[in-house]
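Bear in mind that the values here come from a model prediction, so they are computed numbers and not experimental data. In what follows, residues are counted from 1 in the order of the sequence shown.
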Amino acid sequence: MKHPAEDQRAAKAAGIDAAPPLAREIAELTRRRQVIAAGELPKPEKTRVLTISNQKGGVGKTTTAVNLAAALARQGARVLVIDLDPQGNASTALGVEHRAETPSVYDVIINDMPMIEVVQKSPEFGALFCVPATIHLAGAEIELVSLVAREQRLRRALDLYLAEMTEPYDYVFIDCPPSLGLLTINAFVAAREVLIPIQCEYYALEGLSQLLKNIQLIEKHLNPDLVVSTILLTMYDSRTNLATQVAKEVRDHFPKEVLNTAIPRSVRVSEAPSYGQSVVSYDLNSAGSLSYLEAAAEMAHRGAPRTADQPQSNEKPHKREQY
């Protein structure tokens, strides 16, 4: 009878990885941590303003907004998160005050309060800030209808705030509600880029065509600078054929926009908000945290200024046929 060590040596000689699955997983997580620790993120030439949107609920919009922001802030970027969802989940996850009486994004949009008066510093990281949402935002859709320049109100407030900054932000993330109402339109008008999180399940693809149509209408009539720059696959489970098929289909339709990194299903990612934290600060070594750090790094490198031997392309992310 062979000794287990002999079996491992024989498997290694045959080119077979005989290590237990848990050991392989730990080794891979260690390798990924080392790559992240060794890298330094480039800064964008100017503030990147991204709206994170998908009209379908439960695809990871708020989770993506919070964790990408935290990942970038942890690696040295100055980041602002604007919580435009009446549920206020991004405010909760970033640990900022958002009770009903708290000055919030509602006051900015409806009452013309300067944004500097509502920005709060997140306890997560020194360079992470948040414009909170309160329950008052639930009625903002109705109140916006009668206001002048109702689609431009967030953009005007944000542009004025950014222009007055002595130390500019590198990134601004706007977390949208799961709808295509006036709040989401305000977010599209305020942003220059759209980041679409797509859950790796069949139903997540159903509303994508309508979302892209609405983005095209915003670009045509209200914000000619708007582009879909980034698509992030979320809740990816490599053990299922469906997740693999959905990921392949999305990558085939949007080869330039989809990040190589996909966010796996993770218990730690789900647990973190209940502690008022992002997963990056809640459990830095988890697979979900590492994935968001990798996605943040990929975003940063894609949006970084090019060197002389890598000329910056003037081409926008290309328009794709309807999905």
Side-chain angles (χ1 to χ4, degrees), residues 21 24-37 39 41 50-72 74-75 93 171 173 175-176 178 193-208 211-212 228-273 278-280 282-303 317 320 323:
R24 290 200 300 269
E25 182 179 350
I26 292 173
E28 175 63 14
L29 291 176
T30 301
R31 182 195 66 79
R32 291 168 64 187
R33 281 197 297 271
Q34 291 171 345
V35 170
I36 292 169
L41 297 191
L50 300 98
T51 284
I52 300 181
S53 180
N54 192 325
Q55 67 191 39
K56 185 182 184 303
V59 300
K61 289 187 298 298
T62 298
T63 301
T64 294
V66 167
N67 289 304
L68 283 180
L72 289 163
R74 185 184 184 277
Q75 298 179 83
Y171 299 89
F173 291 104
D175 182 33
C176 292
E193 304 175 44
V194 180
L195 188 158
I196 304 176
I198 296 181
Q199 184 182 5
C200 292
E201 293 185 2
Y202 175 76
Y203 287 126
L205 302 176
E206 290 286 275
L208 185 56
L211 175 63
L212 295 175
V228 176
S229 66
T230 311
I231 294 176
L232 178 63
L233 299 171
T234 63
M235 304 181 193
Y236 179 72
D237 188 345
S238 60
R239 299 170 300 178
T240 67
N241 289 332
L242 177 60
T244 303
Q245 291 168 1
V246 170
K248 181 180 184 304
E249 196 166 349
V250 174
R251 292 186 191 280
D252 287 344
H253 279 78
F254 305 97
K256 293 184 179 180
E257 293 83 2
V258 181
L259 295 182
N260 295 323
T261 304
I263 308 301
R265 287 192 177 275
S266 169
V267 173
R268 293 301 195 192
V269 171
S270 302
E271 286 177 349
S278 68
V279 72
V280 175
Y282 175 65
D283 187 353
L284 180 62
N285 295 320
S286 68
S289 177
L290 292 175
S291 295
Y292 273 113
L293 287 164
E294 289 167 345
E298 195 175 344
M299 272 187 59
H301 284 287
R302 286 189 178 193
R320 300 296 299 177
Y323 191 79

Taking every non-hydrogen atom, the tightest pair across Ser229 and Glu193: OG-OE1, 2.6 Å
Point-to-point distance, once rounded to the nearest 0.5 Å, from CG of Leu232 to CD of Gln199: 12.0 Å
pair Phe173-Thr64: side-chain heavy atoms closer than 4.5 Å: no
Heavy-atom check, side chain of Val194 versus side chain of Leu211, under 4.5 Å: no
Gap separating the OG1 atom of Thr62 from the CG atom of Asn67, nearest 0.5 angstrom: 10.5 Å
Non-hydrogen side-chain atoms of Leu284 and Val280 separated by less than 4.5 Å: yes
Atom of Pro273, atom of Val269 and distance for their closest heavy-atom approach: CD-O, 3.3 Å
Gap between atom OH of Tyr171 and atom CG of Leu72 - 0.5 Å precision: 5.0 Å
With sequence neighbours excluded, residues passing ring pair (Phe, Tyr, Trp, His ring centres under 6.0 Å) with Tyr282: Tyr275
Within-4.5 Å side-chain heavy-atom neighbours: Leu233 and Val250: yes
Among Ile52, Leu212, Thr51, Val59, side-chain contact (heavy atoms from CB on, under 4.5 Å) partner for Ile196: Leu212
Polar contact flag, side-chain donor to acceptor under 3.5 angstrom, Thr261-Glu298: yes
Between CZ on residue Arg265 and OG1 on residue Thr234, distance to nearest 0.5 Å: 8.5 Å
Cys176 versus Lys61, closest heavy-atom pair with distance: O-CE, 3.6 Å
Nearest-0.5 Å distance, CD of residue Glu294 to CD1 of residue Ile263: 8.5 Å
Nearest heavy-atom neighbours spanning Ala295 and Leu68: CB-CD2, 4.0 Å
Residues forming a side chain to side chain donor-acceptor pair (under 3.5 Å) with Ser53, sequence neighbours excluded: none
Taking every non-hydrogen atom, the tightest pair across Arg302 and Asn260: NH2-N, 4.2 Å
Non-neighbouring partners of Arg268 that pass salt bridge (charged side-chain N to carboxylate O under 4.0 Å, His left out), sequence neighbours left out: Glu271, Asp283
Backbone of Leu259 reached by a side-chain donor or acceptor of Arg251 within 3.5 Å: yes
Test item: Ser289 side-chain N/O and Asn285 main-chain N/O as donor-acceptor pair under 3.5 Å: no
Nearest heavy atoms of Asn54 and Pro197, plus distance in Å: ND2-O, 2.9 Å
Side chain to side chain contact (heavy atoms under 4.5 Å, CB included) assessment of Leu208 paired with His253: CA-CA 12 Å; Leu208 185 56; His253 279 78; over 6 Å; no
